[in-house]
Amino acid sequence: MPVYDKIQISLSLKFQSKKKMSIELIIRDKIVEAIDKSYNQLIDLSLVQLQNTRKEFEGDITLVVFPFVRMSKKSPEQTAAEIGDYLQQNVNEVEKYNIVKGFLNLTISSEYWVSVLSTASTSPNYGITESSETSKLVMVEYSSPNTNKPLHLGHIRNNLLGFSLSEILKANGNKVVKTNIVNDRGIHICKSMYAWKMWGDGQTPENTGIKGDHLVGNFYVKFDQEYKKEIAQLIEQGETKENAEQNAPAMLGAREMLLKWEARDPETIELWKTMNQWVYAGFDVTYKELGVDFDKIYYESETYLYGKDEVLRGLNEGVFYQKEDSSVWADLTPEGLDQKILLRSDGTSVYMTQDIGTAKERFQDYSIDKMVYVVGNEQNYHFQVLSILLDKLGFEFGKGLHHFSYGMVELPQGKMKSREGTVVDADDLMAEMIEVSRKTSEELGKLEGYTPEQAAITYRMIALGALKYFMLKVDPKKNMLFNPEESIDFNGNTGPFIQYTYARIRSVLRKADDRGISINHHLANTTDIAAKELELIKAISQFPVAVKEAGDNYSPAIVANYIYELVKEFNQFYHEFPMLAEENEELRNLRLVIAETVGKTIKTGMKLLGIDVPERM
RNA sequence: GCCUUGGUAGCUCAGCUGGAUAGAGCAACGGCCUUCUAAGCCGUAGGUCUUGGGUUCGAAUCCCAACCAGGGUACCA
């Protein structure tokens, strides 16, 4: 059975040279052997709990011996001592051990750690598993915007998570197709179209200078304002609230437009195309700024009819049932859920119907092994149902779909609401952060000698690094808070902190190069290693584990937190240990290799988060 | 009502597939730039891990209940 070990054993094999078996694996096997020989018990591997030794104790790897005391029938200390002796005698790398309560702390030889560093420093894609012919193909759907308003902070979280998750899945040896389904039709789109037609005065992005998605968004807001006025007026005239809402001219106009759209009325289609193009042009800018992209884009206007046939087939096959008003339903009470509507009484599709259709479509387009939907947790129920329905319809991929359910971004006042104007606009936020970044850089005067263009690239890199890291370092499943009053930090556990560390490493390496110091990656003769240096090597050795864990758990946050720990460790080292000024050449070389490898790891890790790192800052 | 997710330091968050004295950052206070970039480093202070039971050698972590908060819940997407 797969066992979770803090030191992920199965993985260790992949990133170390094939000739060499990872120390954790060896120790685990030897422990099983020791128990067998000493206590005559054949134990399950899952009982062997190995973990990294906590820093306050001496040692590198710790075995929890409690599970074995009932076999040894001796005290935990004595049991630990017996196992410790056995390991010391039978595993070369185990130099010594100590025992604290029921914990056996093993010290691994520095030769071993040096070899780990050597491997990490010389392998070109350290921590990354390349895809192969047998790799799984994973399709990741993310972003999925509506074309009636610009992107906001919630979309930013979605986009960053989707992009980063895709990178992480790739780094775990999968092939990934990033896809986006654009919700480009429906009553909400018609609302902004109607508003533009009524009150637009021929405004275009060109003649107003307003970014297309924002312009269209303005009309969506305008619609709501006028609609509310009309409702108020009708109520004043004695209409009931429901009647007023149903019969306000704006609503009637939007509905009429939707009917015309569905009837392919040329004028309506033309307006729809024009306004959507404005929005797409705007989205392209935002996506580019965010640094996300897609391999395949689906448009709801092209796919929204697909699901209906499947539902009708399900009806024929008796999987679904029809009510007297001819609406079609699925009965999910056997699954512990409710009844779910699939076709309205007028025969039109609902959201669920469309998702059934697009799922089928995608599996026809690609030979997908796994489908991942990056969609907010407010839709947990929807995806639970979708999975069941696909399964009922006989699609084997139904059960395997994964809803990557992420939490909302909340403001101090609560949830963001487009209509109440409490959204944080994506473009505005990025622009503000770039401005803060520029000011900070200029105050610190770090970029002297850069051309304005080079400097601008760096400001953006830092600003986006701050934003992305801020969003990705928290557990995706959880809701998170964003306070617009407090700008996103550039100090502490932040993207810029990590970028800064990288820039310092690069600076040292440039200087080494300038001084004609060449780095030797053959570290065989290096022996005398300080504790801090060992800590760093151990931290480096955990990178592939973090990547694996992030992939298994669908969590970019694991990568983010790993990099932070690594960087914190390095900064302490940087402060205490001179590199270039170290006179002992062997030691100087070791430290430079450590710095270089940490830098490489930072760069690779940040890339998995979609964050670039600067040469200077 | 039912389903579901969460509640850890003043604030934002790690830790949660059971292990050693619960960790960071921010904010506060104090120290460190003639030495590889101070967006950094070091230190002080700050905790009944919502509460109450249970399982266990061992519980922030697993189970049950309560309280509080978010989300969902049959013709929106």
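Just so we're clear, the structure is a prediction, and the values are computed from it rather than from any experiment.
At a threshold of 4.0 angstrom between heavy atoms, the contacts of A:Ala595 with the nucleic acid are absent. Residue contacts shown for A:Val64 include a base, since a base heavy atom lies under 4.0 Å away. Note on A:Leu444: a base of the nucleic acid sits closer than 4.0 angstrom, heavy atoms only.
Between A:Leu411 and A:Val424 there is a side-chain heavy-atom pair separated by less than 4.5 Å. Within the 4.5 Å cutoff, the side chain of A:Met257 has no heavy atoms near those of the A:Glu262 side chain.
Taking the C1' atoms as reference points, B:C11 lies 16 Å from B:A45, given to the whole Å. With both ends at atom C1', the span from B:C68 to B:A28 equals 30 Å, rounded to whole Å. Spacing between B:U50 and B:C16 at atom P, rounded to whole Å, works out to 16 Å. When the P atom is compared between B:U21 and B:C29, the two are found 34 Å apart, to the nearest whole Å. Taking the C1' atoms as reference points, B:A14 lies 13 Å from B:A9, given to the whole Å. With P as the reference atom, B:C33 and B:U17 are 45 Å apart, rounded to whole Å. To the nearest whole angstrom, the two C1' atoms, one in B:A39 and one in B:C63, are 47 Å apart. Taking the P atom of each, B:G58 and B:G18 are spaced 16 Å apart, rounded to whole Å.
Residue side chain A:Ser441 reaches the base of B:A39 through a donor-acceptor N/O pair under 3.5 Å, judged by distance alone.
Spacing between atom CD of A:Glu335 and atom C1' of B:C3 amounts to 15 Å, rounded to whole angstrom units. Summarising the geometry, the separation between CD1 on A:Ile488 and P on B:A39 is reported as 20 Å, rounded to the nearest angstrom. One interatomic measurement links the two molecules: CG of A:Leu332 to C1' of B:C3, which rounds to 13 Å at whole-angstrom precision. Atom-to-atom, NZ of A:Lys511 to P of B:C36 comes out at 7 Å; the value is rounded to the nearest Å. Between the OH atom of A:Tyr574 and the P atom of B:C33 there is a distance of 16 Å, given to the nearest Å. A:Gln49 has its CD atom 8 Å from the C1' atom of B:G18, to the nearest Å. When rounded to the nearest whole Å, the span between CD of A:Glu569 and P of B:G40 equals 17 Å. Atom CD of A:Glu535 is separated from atom P of B:C41 by 16 Å (rounded to the nearest Å).
Residue A:Arg510 places its CZ atom among more than 12 non-hydrogen atoms of other residues, nucleotides or ligands, all under 6.0 Å distant.
B:C11 is paired with B:G25 under the criterion used here, namely a Watson-Crick or G-U wobble arrangement in which both key atom distances are under 3.5 Å. Pairing for B:U56 is absent, with no Watson-Crick or G-U wobble pair whose two atom distances lie under 3.5 Å. Across all strands shown, nothing is found opposite B:U35 as a Watson-Crick or G-U wobble partner with both distances under 3.5 Å. For B:A74, there is no paired base (Watson-Crick or G-U wobble, both distances below 3.5 Å). Pairing for B:U61 is absent, judged as Watson-Crick or G-U wobble with the two contacts each under 3.5 Å.
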Trace of the ring pair (Phe, Tyr, Trp, His ring centres under 6.0 Å) decision for A:Tyr554 with A:His402: CA-CA 10 Å; A:Tyr554 294 85; A:His402 180 82; 4.1 Å; yes

Worked check of salt bridge (Lys or Arg N to Asp or Glu O under 4.0 Å) between A:Lys538 and A:Asp60: CA-CA 8 Å; A:Lys538 284 195 245 175; A:Asp60 301 310; 2.6 Å; yes

CA sep, side-chain torsions, deciding dist, call: A:Leu389, A:Val319, side chain to side chain contact (heavy atoms under 4.5 Å, CB included): CA-CA 9 Å; A:Leu389 293 179; A:Val319 180; over 6 Å; no

Derivation of the ring pair (Phe, Tyr, Trp, His ring centres under 6.0 Å) call for A:Tyr500 and A:Phe497: CA-CA 5 Å; A:Tyr500 174 69; A:Phe497 169 79; 7.8 Å; no

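Between B:U5 and A:Lys477, no contact under 4.0 Å exists linking OP1 or OP2 to a side-chain N or O. Between A:Lys478 and B:U12, a side-chain N or O to OP1/OP2 separation shorter than 4.0 Å is absent. Phosphate proximity of B:A39 to A:Thr440: absent, as no side-chain N or O sits under 4.0 Å from OP1 or OP2. Listed pair A:Arg504 / B:A39 fails the phosphate criterion, with no side-chain N or O lying under 4.0 Å from OP1 or OP2.
Base orientation of B:C41: anti, since the glycosidic angle falls outside 90° of 0.
In this structure, A:Phe497 does not pack face-to-face on the six-membered ring of B:A39, missing the 5.5 Å centre cutoff or the 30° plane limit.
In terms of position along RNA chain B, the nucleotide closest to A:Phe577 lies nearer the 5' end than the nucleotide closest to the other residue of the pair A:Leu447 and A:Phe577. Both A:Ile462 and A:Phe470 sit near RNA chain B, but only A:Phe470 has its closest nucleotide nearer the 5' end.
Judged by a 6.0 Å distance limit and a 45° cone about the ring axis, A:Arg157 is not positioned over the six-membered ring of A:Tyr406. Geometrically, A:Lys323 engages A:Trp329 in a cation-pi contact defined by less than 6.0 Å to the ring centre and at most 45° from the axis. A cation-pi arrangement is present between A:Arg185 and A:Tyr304 under the rule of less than 6.0 angstrom and at most 45 degrees off the ring axis.
Ring planes of A:Trp272 and A:Trp261: perpendicular class, angle over 60° (limits at 30 and 60°). In this structure, A:His155 and A:His152 have tilted ring planes: the angle between them lies in the 30° to 60° band.
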Heavy-atom protein contacts under 4.0 Å, nucleotides 67-77 of chain B, coded B base, S sugar-phosphate only, - none: ---SSSSBBSB

B/S/- contact track for nucleotides 20-30 of chain B, protein heavy atom under 4.0 Å: BS-SSSS----

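Nearest to the side-chain atoms of A:Tyr500 among the listed nucleotides B:U17, B:G19, B:A38 stands B:A38.
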